[in-house]
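Encoded as C-alpha cells, the structure appears first; notes follow it.
Along the sequence shown, residues are numbered consecutively beginning with 1. As the structure lists them, so they are numbered: ligands from 1, and atoms in each ligand from 1.
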Amino acid sequence: MKKQVMVPAEELERQKEYMTLCRQELTARFGEARSPLALVRSFGCQQNVSDGEKLRGMLAEMGCGFTEELGEADIVLYNTCAVRENAEQKVFGIVGQATHRKAVKENLLIGLCGCMTQQAHVAGKVKQSYPGVDFVLGTHALHRFPEILHGVLKSSGEGRRKRAFAVEESDGVIAEGLPVRREGGVRANLPIMYGCNNFCTYCVVPLVRGRERSRRSADILREARELIALGYKEITLLGQNVNSYGKDLEDDLSFPELLEAVNALPGDFWIRFMTSHPRDCTKELIDTIAHCDKVCSHIHLPVQCGSDRVLTAMNRHYTRAQYLDIIDYARKTIPDVNFTSDIIVGFPGETYEEFLETVSLVEEVGYSSLFTFIYSPREGTRAARMEDPVPYEEKNRWFQQLLEVQRDRGMTYYETCVGRTLRVLVEGEGRLKHGILSGSEPADGQCVLMGRTAHNMVVDFFGPRSLIGGFADVTITEAANWALAGRLADGALAD
Ligand code: 5AD
Ligand code: SF4
C-alpha cells in the first residue's frame, strides 16, 4: 500500500487553532501596544527560502510584524542549511549573538529550524551548549510550528520555562494550505516536491529532508494561478530533483507535463525550475522547454565534476559523455539556451588529473556562471567515510584555478550579449553595485533599475520606477563583473 504523506486536514485545522492561541500568548508576553516583531533568516537553497516564507506566513497569522534587525526583534528564527560545514559554523556564530541579546531583552524568543536541526549531533549541541535557544524545529515539523511555539509560550507564561525539540526522523510529509508570506512581489518560489532519493555520496540532503514526495499537480496549478493573479511575473518550480516530479504519484503529471500545464495558464510571466539532475534530464524535457514559450531558456544542470571515476564515486549515475550529450541536444533544440552548474572540487580521492577533467569540461560547456564548492565532509554520508588524502590547502589551489578558468569563460559569455536587445524582468531599483553605470546619471524622472534576463543574468539600466514589476526591452551596452548594463530599447517607453 502507498504510504500516506499528506498531513490530514484536521491536523492543519488544529495548527490553525494554535495560531490563534499563539496570538493571545504573544500579546500577553509583549503587550498590546504594538505587534511583536519577528526576524526570520533563511540560509542555503531556495527550498529553505521557501520554508522561511511559510514560517513568516504562520507568524503573520499570529499577529507578528517583521524586522531584519536583531536589536528590534522579539522572536528570532534561524532557518539553517546543512549542506556544507561553513554554513553550520556561521549559524552557531549568530545564534551565540542572539542568545547574548537575552541579557538585555529577557523575553526574547529564539528558535532554530531547517536542515541543520535535523542532524542528531546538532540538536544535541544546541540542547547542551546553547541554553538560550527556546525551540528547535526540524524540517519535518514545519507545519507544527504553531503548536511547538504555543507550548514554549504557555510554559514560560506559567513561570516554568520549557524548551522544545521537534526533530524526529521521518520520511517526510506534505502540508497543503499553510499560509505563505513571500519576499517581494515580482518573483515567486513554488515548491513542487520535497526531499530527495538520489543519495549522492557527499550530500546530506536526503538525510535531513526525507524521501522524494510530489505535490499534486492540482495544488501546484492552483497556487500558480494565485501567484499570477497577485501580479508575480516569474514562478520558479522548486525541488531537489524536479525531473523526478510525479514518479511517486498515481494518475498525475510528469515534470514535462507539469511544465506544459503551467505554461498554458493565461498571463504574461516566466517559468523557471530548479534543480534538474542530469541523470533524468530527458530529451522529452528539453523538447518541452523548447516549445513552452514562458519557460526560460536557462538550464541549471549541476555536473559536480568532469571525471567518470569521480562521478561514479559520487553516485551520480551519468558519465561525462552523457552529460555533454544532453548539453549538445539542448543547444540544438532550445534557441539561445544557456547553462549554469554546481561543481565540487576535492571530492575524497580525487586526483589533480581528475580535477583537470572538470576544468576541461567547464571550458568545453561554457557556462554563463558556476557555483563552485570545496568538498565538505558531512556526518552520516558515505563520502565522509572515504579516504581523503589531499590537504585542504591543495584543494583550495585547485579551486582558485577553476575560478580563474570560469572567470574568462563566463565573461566571454556575458560579452556575447553586448549589442543584443533582451527582454528583462525589472525587479527593483539597482544599487550600482556593479559599478558599470557609475559616472553617468539617470535623466529626470528616471533611476537605476535592476532586472534579470531569461538567461538569469543581472542587468542595470536607467528608466522610470513605473517599470518595476514588469518586463522591459533593454539593449545591452556593456558587460562587467558578472552583470550587464544597458539602455531601454528604442520605443520601450512608447506607450
Ligand atoms: N561539499 C561541498 N559541496 C556540496 N554540495 C552538496 N553537498 C556538498 C558537500 N558535502 C554542493 C553541490 C550541490 C550544491 C547545492 O551544493 O554542488 O549541487
Ligand atoms: Fe544532494 Fe544529489 Fe539530492 Fe542534489 S540530487 S540534493 S546533490 S543528493
Side-chain angles (χ1 to χ4, degrees), residues 42-51 79-91 114-116 118-119 121-122 139 189 191 193-209 212 236 238-244 273-281 299-307 310-311 313-318 320 323 339-350 354-355 358-359 361-362 365 367 369-388 390-392 394-396 398-400 402-403 406 456:
S42 293
F43 298 83
C45 69
Q46 290 308 102
Q47 191 68 62
N48 234 27
V49 171
S50 170
D51 284 354
N79 189 19
T80 62
C81 167
V83 95
R84 282 172 295 276
E85 194 181 359
N86 48 11
E88 226 170 81
Q89 282 162 348
K90 202 161 139 193
V91 164
C115 293
M116 251 173 86
Q118 206 61 53
Q119 298 173 287
H121 70 277
V122 173
T139 57
N189 290 320
M193 59 194 299
Y194 306 97
C196 184
N197 283 358
N198 282 314
F199 290 96
C200 304
T201 51
Y202 51 80
C203 188
V204 78
V205 170
L207 310 182
V208 293
R209 284 203 172 264
E212 251 168 39
T236 302
L238 285 185
Q240 296 298 336
N241 178 13
V242 290
N243 301 335
S244 51
F273 56 88
M274 65 184 302
T275 297
S276 197
H277 194 306
R279 162 193 193 172
D280 346 76
C281 184
I299 309 183
H300 181 63
L301 200 62
V303 66
Q304 310 300 356
C305 77
S307 140
V310 179
L311 282 170
M314 288 179 164
N315 196 31
R316 293 289 290 177
H317 294 277
Y318 54 84
R320 174 192 177 103
Y323 181 88
F339 304 95
T340 53
S341 199
D342 294 346
I343 298 225
I344 297 177
V345 172
F347 184 79
E350 184 176 17
E354 287 167 339
F355 162 72
T358 301
V359 173
L361 181 127
V362 165
V365 175
Y367 296 105
S369 62
L370 271 189
F371 299 89
T372 35
F373 310 103
I374 295 181
Y375 168 74
S376 167
R378 306 284 59 215
E379 200 167 310
T381 60
R382 267 159 63 199
R385 297 192 297 272
M386 295 176 186
E387 289 281 314
D388 192 2
V390 177
Y392 185 84
E394 178 73 9
K395 292 182 182 184
N396 197 22
W398 301 358
F399 181 74
Q400 299 302 332
L402 181 63
L403 290 191
Q406 175 57 19
N456 213 15

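Remark: ligand 1 atoms within the under-4.0 Å shell around heavy atoms of Q304 are 12 (C), 13 (C), 17 (O), 18 (O). The V83 neighbourhood of ligand 1 comprises atoms 6 (C), 7 (N), 8 (C), 9 (C), 10 (N), with distances under 4.0 Å to a heavy atom of that residue. Annotation for ligand 1: atoms under 4.0 Å from non-hydrogen atoms of R84 are 1 (N), 2 (C), 3 (N), 4 (C), 5 (N), 11 (C), 16 (O). Interface atoms of ligand 1 facing Y375, defined by a heavy-atom separation under 4.0 Å, are 1 (N), 2 (C). The contact set between ligand 1 and I374, taken as ligand atoms under 4.0 Å from a residue heavy atom, comprises 2 (C).
By the 4.0 Å heavy-atom criterion, T275 is excluded from the residues contacting ligand 1.
The backbone N or O of L301 lies less than 3.5 Å from a partner atom in the side chain of S341, making a donor-acceptor pair.
A side chain to side chain contact (heavy atoms under 4.5 Å, CB included) with Y375 is found for one member of F399, Y392, Y202 and no other, namely Y202. Just one residue in the list H317, R316, R279 forms a side chain to side chain donor-acceptor pair (under 3.5 Å) with N198, and that residue is R279.
For ligand 1, the polar-atom distance check against R378 finds no nitrogen or oxygen pair separated by under 3.5 Å. In terms of polar-atom proximity, S376 is counted as a contact of ligand 1, with an N or O under 3.5 Å from an N or O of the ligand.
Smallest separation of non-hydrogen atoms from L238 and S50: CD1-CB, 3.9 Å. The minimum heavy-atom distance between P302 and Y318, with the atom names listed, is O-OH, 3.4 Å.
The side chain of F373, and not its backbone, has at least one atom closer than 4.0 Å to an atom of ligand 1 (non-hydrogen atoms only; side chain from C-beta on).
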Apply side-chain hydrogen bond (donor to acceptor under 3.5 Å, both in side chains) to S307 and E350, showing your working.
CA-CA 9 Å; S307 140; E350 184 176 17; over 6 Å; no
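Taking the six-membered ring for Trp and thresholds of 30 and 60 degrees, F355 and W398 have nearly parallel ring planes, at less than 30 degrees apart.
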